[in-house]
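As structure tokens, the structure follows; a few thoughts come after it.
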Protein chains: 2
Amino acid sequence: MSTSEAGEEAAAAQPVRRLRRAERREQILDAATRAFARAGYAATGLDDIAAEAALTRAMLYRHFESKADLYRAVLDRACLRLAETTGADDFDDAAIPALLRAASADPDGFRLLFRYAAREPDFRELIDSITAASREVGRRNLARVIPEGPWLDWAANLIPGFTLEAVIAWLDAGRPDPEHAAERIAAAVHGVMAAAQP
Amino acid sequence: MSTSEAGEEAAAAQPVRRLRRAERREQILDAATRAFARAGYAATGLDDIAAEAALTRAMLYRHFESKADLYRAVLDRACLRLAETTGADDFDDAAIPALLRAASADPDGFRLLFRYAAREPDFRELIDSITAASREVGRRNLARVIPEGPWLDWAANLIPGFTLEAVIAWLDAGRPDPEHAAERIAAAVHGVMAAAQP
DNA sequence: CCACTTGTAGAACCCGAAGTATACATATAG
DNA sequence: CTATATGTATACTTCGGGTTCTACAAGTGG
């Protein structure tokens, strides 16, 4: 007890890693992304997030106004990263490698955006800028090979979500041969498109 | 005001349609299925359900122990109907027409089961009997055309969910030509399978 | 006509989780 | 060395929504 007052107990626990504000904010966003990606907004408590970040709840409030504010920041960053990695894609076949890159770069954010946020009424707006554009462009591309009608609607509704699910399934499968993964997923998408043709 | 004390106000409102217990229970389950199918368990309040059923909250508690109990009853009935309509399917191509029949017969229940309940940790168990079996059988069928490896995992993870999404998209598209819808969806599934082959 | 069931209306209670407050500890820049 | 930013710990308040309770109204079968 002479040299250090910190070591009162047997376990002298690491002396608390401190970060500067901006870095801590990022670290919290990382942790929150992981936590939210497990169960979505409603089912994830602030305690879960604090535990994931190895912090107390109080610290969360020093960086974010509220749970909703934190969630928005998480989604915003995930959207931003996605946009940066893919680069304003056209949602044709050329977009698939970009999606694979984006999903690899930020798997938790990717899953969160498309497995959960897409179905949460209060926050769907935040990613609508992405999904709306992709649906629109996707539909235009489809219209070149599928005649107007219910089966075009069917394909246009189905394919964007399917493409994203295929990418997530690729993540879940351990990201096998990244060289040709895009080709396979594109082939799968074409298979679905073919089924919608007359 | 002479013949009827009920008509105190201008609008004599229909004299409250009464049902016997069992029928009312079914009617509540119908309404709750619709309400839950819009936003899932957490985001749906008892007030929403009561409004949908055109009843007061108190009545809900005369028929169900709790919100969770009601939800379980809703899911159970939807599972039961599904099982009855499809009849212990094998989740090969022969199952697709059965799924279309089931989705047509109970669209709200179908959507609820596979769009929401499948992602709700607390209740997933209730439909796991279905999804687990379908995944298992589906994987065995896939293993006949795809060699063991990550792409088999990929397809096995992706296809069951995709099939269900394809059925829901068909509902959303207005159920076009039911005669050949199963063929188209089967073709789409085959297209995905083909993409997983070497 | 009576008893019973089905129904309304709404206040009150309760609990978990979000959000707030205060006191204290200590790395680290300057 | 000291000031300050970063952090812990914990108790407290607030709030929404599920749950309970009480009081009353009225259709229906025996």
Side-chain angles (χ1 to χ4, degrees), chain A residues 1 3-9 11-29 31-32 35-36 39-74 121-123, chain B residues 3-9 11-29 31-32 35-36 39-74 120-123:
Chain A
M1 289 195 186
T3 57
S4 163
E5 294 101 321
E8 287 186 355
E9 300 299 328
Q14 56 274 34
V16 189
R17 196 180 312 285
R18 295 172 89 144
L19 301 177
R20 277 195 299 279
R21 189 168 175 78
E23 300 161 41
R24 178 60 74 190
R25 184 186 157 92
E26 288 301 300
Q27 186 254 338
I28 291 175
L29 288 175
F36 282 130
Y41 181 74
T44 303
L46 289 177
D47 290 325
D48 300 320
I49 299 167
E52 182 72 35
L55 284 174
T56 49
R57 275 207 327 279
M59 280 306 298
L60 300 181
Y61 282 99
R62 298 228 189 140
H63 289 268
F64 301 93
E65 289 285 328
S66 66
K67 183 187 178 185
D69 183 45
L70 169 57
Y71 194 57
R72 262 185 284 270
V74 164
D122 298 351
F123 299 99
Chain B
T3 57
S4 162
E5 295 101 322
E8 288 185 354
E9 301 299 327
Q14 55 275 37
V16 188
R17 195 181 313 285
R18 297 174 93 146
L19 302 177
R20 276 194 299 281
R21 190 168 174 78
E23 299 160 42
R24 179 59 77 188
R25 184 187 157 93
E26 288 301 300
Q27 186 253 338
I28 290 176
L29 287 175
F36 282 130
Y41 180 73
T44 304
L46 288 178
D47 290 327
D48 300 319
I49 300 167
E52 182 72 36
L55 284 175
T56 51
R57 277 202 320 282
M59 279 309 295
L60 300 182
Y61 281 97
R62 299 232 187 133
H63 288 268
F64 301 94
E65 289 285 328
S66 66
K67 184 187 178 187
D69 183 45
L70 169 57
Y71 195 54
R72 263 185 283 272
V74 165
E120 286 161 351
D122 297 351
F123 299 99

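Chain naming here is simple, since letters A, B, ... match the order of the sequence lines and numbering starts at 1 in each.
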**Study point:** Cation-pi geometry met for A/Lys67 and A/Tyr41 (6.0 Å, 45°)
**Key:** yes

Point to revise | Distance, rounded to the nearest Å, where B/Lys67 contributes NZ and C/dG16 contributes C1' | key: 14 Å

Point to revise | Between P of C/dA17 and CG of A/Leu60, the distance in whole Å | key: 16 Å

Practice item. Starting from P on D/dT28, measure out to CD on B/Glu23 and report it in whole angstrom. Key: 12 Å

Check your understanding: Is B/Glu120 close to B/Tyr71 at the side-chain level, that is, under 4.5 Å between some pair of heavy atoms?
Key -> yes

Exercise for review: Let me know the distance between CG of B/Asp47 and P of D/dT19, rounded to the nearest Å.
Suggested key: 12 Å

Check your understanding: Rounding to a whole Å, what distance do you find between B/Arg25:CZ and C/dG7:P?
Key -> 14 Å

**Study point:** B/Glu52 side chain reached by B/Ile49 side chain, heavy atoms, under 4.5 Å
**Key:** no

Check your understanding: Can you name the residues that form a side-chain hydrogen bond (donor to acceptor under 3.5 Å, both in side chains) with A/Arg57, not counting sequence neighbours?
Key -> A/Asp47

Check your understanding: In whole angstrom, what separates A/Leu46's CG from C/dG19's C1'?
Key -> 8 Å

Review point. Considering the options B/Glu23, B/Arg24, B/Arg25, which one meets the side chain to side chain donor-acceptor pair (under 3.5 Å) requirement together with B/Gln27?
Key: B/Arg24

**Study point:** Length of the CD1-P vector between A/Ile49 and C/dG19, whole Å
**Key:** 10 Å

Study note, to complete from the structure: 5' to 3', nucleotides 3-11 of chain D under a 4.0 Å protein heavy-atom cut-off (B base, S sugar-phosphate only, - none) gives --BBBBB--

**Study point:** pair A/Asp69-A/Tyr61: side-chain heavy atoms closer than 4.5 Å
**Key:** no

Check your understanding: Rounded to whole angstrom units, what separation is found between the CG atom of A/Asp48 and the P atom of C/dA17?
Key -> 9 Å

